[in-house]
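Here is the structure we will look at, set down as structure tokens.
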Amino acid sequence: MRVVHSYDPESAMVVLNTLYDTGARDEMPTLTGVAHLFEHLMFGGSVNVPSFDRHMELAGGRTNAATGNDFTVFYEVVPAQNAETAFYLESDRMLQLAFSQKGLEVQQHVVVEEFKEVCLNRPYGTLMHHMRPLLYKEHPYRWPVIGIDPEHVERVTLEDVRKWFYSHYAPNNATLAVVGNITLECTRELAEKWYGSIPNRHVEARKLVDDPWPTIAQREVVYDNVPQTMVAIGFRMDEYGTKGYFAADAITDILAAGQSSRFFQRLVMGTDLFTLAEASITGAEHSGFVILMGMITRDDDESIEQAQEMLLAQARQLAEEGNVSDYELERTKNRYESTFTFDNVALLSRAQNLAQAVYHGEDINEIVPRYRSLTLEDIASTAKDIFIDHAPATVIYRPKAMEETKE
């Protein structure tokens with residue numbers, strides 16, 4: 001297990017952040033949502049601790065977790081004098097969970113209800129269920145972290161759970177970040193005391209073949225209970241750590257970050273068609289994607305086509321030499337550096353960023369300089385690669401009433 005430490009004597013707290021190198025990309029297409037379900041199961045008690053949350057509350061701390069396509073992360077924030085409690089609790093559930101059929105059924109119910117809340121009962125909540133399969137045909141990024149269907153979660157067995165734990169949850173598949181009012185010596189002592197005896201486990205090497213970037217445009221129209229029409233356009237992008245990744249991040253900032261951005265000034269303020277226009281990246285360890293999104297005021301076919309073309313035009317303009325000014329790029333770099341710097345003031349964010357940096361084998365102090373090294377040529381060439389040389393996947397949400405009218 002890799003451990004990274006940052007000492008902050010001015011704080012009264014200590015944060016432990018454990019990053020496991022497992023997520024939805026490790027699932028089978030016939031049994032999705034397992035990684036997210038397992039995140040919930042990790043709070044159901046371990047071999048020596050029947051109630052993780054109860055012990056954490058008694059120590060005056062708080063805890064939570066998150067599952068992604070690539071990683072699953074667990075964290076504890078505790079008063080410095082109770083730091084050892086966090087080491088004990090986190091290491092005990094790494095050692096062995098208290099597997100039970102009842103616990104599995106409880107968490108299955110919780111996750112299924114979450115699926116209904118965030119996907120089925122929320123406007124546009126199924127966007128990733130429609131967008132991802134258009135962008136990926138074989139790679140497990142083709143389904144969202146929450147899974148393809150609640151039925152997948154409902155049929156997970158206790159044997160599936162045991163297999164997932166012993167295949168992915170191990171010290172040799174984890175990175176631990178310890179941040180706050182705790183010395184390096186104390187961190188090393190507690191890490192060796194509580195994690196030193198946990199055996200390594202066999203973690204199967206991934207055999208993932210990345211899908212080629214789409215060259216033929218795809219489009220899907222979804223009629224749903226939504227308040228207004230939404231146009232979402234996805235393009236593939238480079239994986240984390242590449243210049244293309246950072247350039248794609250800068251591109252979405254130029255397009256849509258703040259009221260001085262192009263989307264806000266030219267589409268929202270400059271027309272009566274858009275009520276909202278956004279751009280963002282879904283960064284990943286493999287090739288991720290960029291999304292251009294607009295909420296529009298009209299629902300007729302002509303307006304939808306117009307909105308799509310306007311979003312694409314703004315993005316494709318960035319590929320033109322001289323289209324982006326030095327001022328725009330510098331403003332984007334300054335925004336990134338400011339956000340990154342202030343983000344790392346908070347102990348929890350610093351712990352999460354440190355864990356990811358160690359996982360990636362990078363120096364956290366070199367991330368901002370890498371971003372700042374972007375040139376206007378990098379922006380133009382990346383915009384060309386994404387928006388011109390490759391094809392979009394478009395998902396359009398329309399109010400259900402329109403489907404009834406067409407019938």
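Bear in mind that the values here come from a model prediction, so they are computed numbers and not experimental data.
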Set of side-chain contact (heavy atoms from CB on, under 4.5 Å) partners for Glu10, sequence neighbours left out: Asp8
Output all residues satisfying side-chain contact (heavy atoms from CB on, under 4.5 Å) with His139, sequence neighbours left out; order by chain, then residue number. Tyr136, Tyr141, Leu208, Asp210, Asp211, His286
Sub-6.0 Å ring centroid separation between Tyr240 and His360: yes
Could you check whether Phe115 and His129 have their ring centres less than 6.0 Å apart? yes
Could you tell me if Arg372 sits above the aromatic ring of Phe246, with its cationic atom closer than 6.0 Å to the ring centre and no more than 45 degrees from the axis? no
I'd like to check Val226 versus Lys400 (side-chain heavy atoms, cut-off strictly below 4.5 Å). Are they in contact? no
Is it the case that over 12 heavy atoms from other parts of the model lie below 6.0 angstrom from the CZ atom of Arg54? no
With sequence neighbours excluded, what pairs up with Gln352 under the side-chain contact (heavy atoms from CB on, under 4.5 Å) test? Asn17, Tyr75, Leu348
Does the plane of the ring in Phe99 sit parallel, tilted or perpendicular to the ring in Phe165? Use 30° and 60° as the thresholds. perpendicular
Can you see whether Asn181 engages Ser11 through a side-chain donor-acceptor pair at a distance of less than 3.5 angstrom? no
Which heavy atom of Arg25 sits nearest a heavy atom of Phe71, and at what distance? NH2-CE2, 4.3 Å
Do the side-chain N and O atoms of Gln317 and Arg266 include a donor-acceptor pair separated by under 3.5 angstrom? yes
Would you call Glu105 and Lys102 a salt bridge, taking side-chain N to carboxylate O under 4.0 Å as the test? no
Between the side chains of Thr382 and Asp385, does any donor sit under 3.5 Å from an acceptor? no
Please assess Met1 against Leu176 for the test side-chain contact (heavy atoms from CB on, under 4.5 Å), listing each intermediate value before the final yes or no. CA-CA 7 Å; Met1 183 175 72; Leu176 173 65; 4.0 Å; yes
If you draw a 6.0 Å radius around CD in Glu204, do more than 12 non-hydrogen atoms from other residues or ligands fall strictly inside? no
Less than 4.5 Å apart, side chain to side chain, heavy atoms only: is that true for Thr63 and Phe43? yes
How about Tyr7 and Leu184: do any of their side-chain heavy atoms sit closer than 4.5 Å? no
SB check Glu159 Lys163 (cutoff 4.0 Å): no
Does Ala59 have any side-chain contact (heavy atoms from CB on, under 4.5 Å) partners at least two apart in sequence or in another chain, and if so, which? Asn82, Thr85
Got a sec: does the CZ of Arg188 have more than 12 other heavy atoms crowding it under 6.0 Å? no
Residues passing the side chain to side chain donor-acceptor pair (under 3.5 Å) test with Asp389, sequence neighbours excluded, are Lys384
Would Arg219 and Glu305 pass as an ion pair if we require N to O under 4.0 Å? yes
Are the aromatic rings of Phe235 and Phe289 close, with centres under 6.0 Å apart? no
Who are the side chain to side chain donor-acceptor pair (under 3.5 Å) partners of Lys137, not counting sequence neighbours? Gln218
Are Arg62 and Glu57 close enough for a salt bridge, meaning some N to O gap below 4.0 Å? no
Any side-chain donor near an acceptor of the partner, Glu39 and Thr67, under 3.5 Å: yes
What about the rings of Tyr169 and Phe38, do their centers lie closer together than 6.0 Å? yes
Here the pair of heavy atoms bringing Pro140 nearest to Ala24 is CB-O, 4.1 Å
Under a 4.0 Å N-O cut-off, is there an ion pair linking Arg206 with Glu285? no
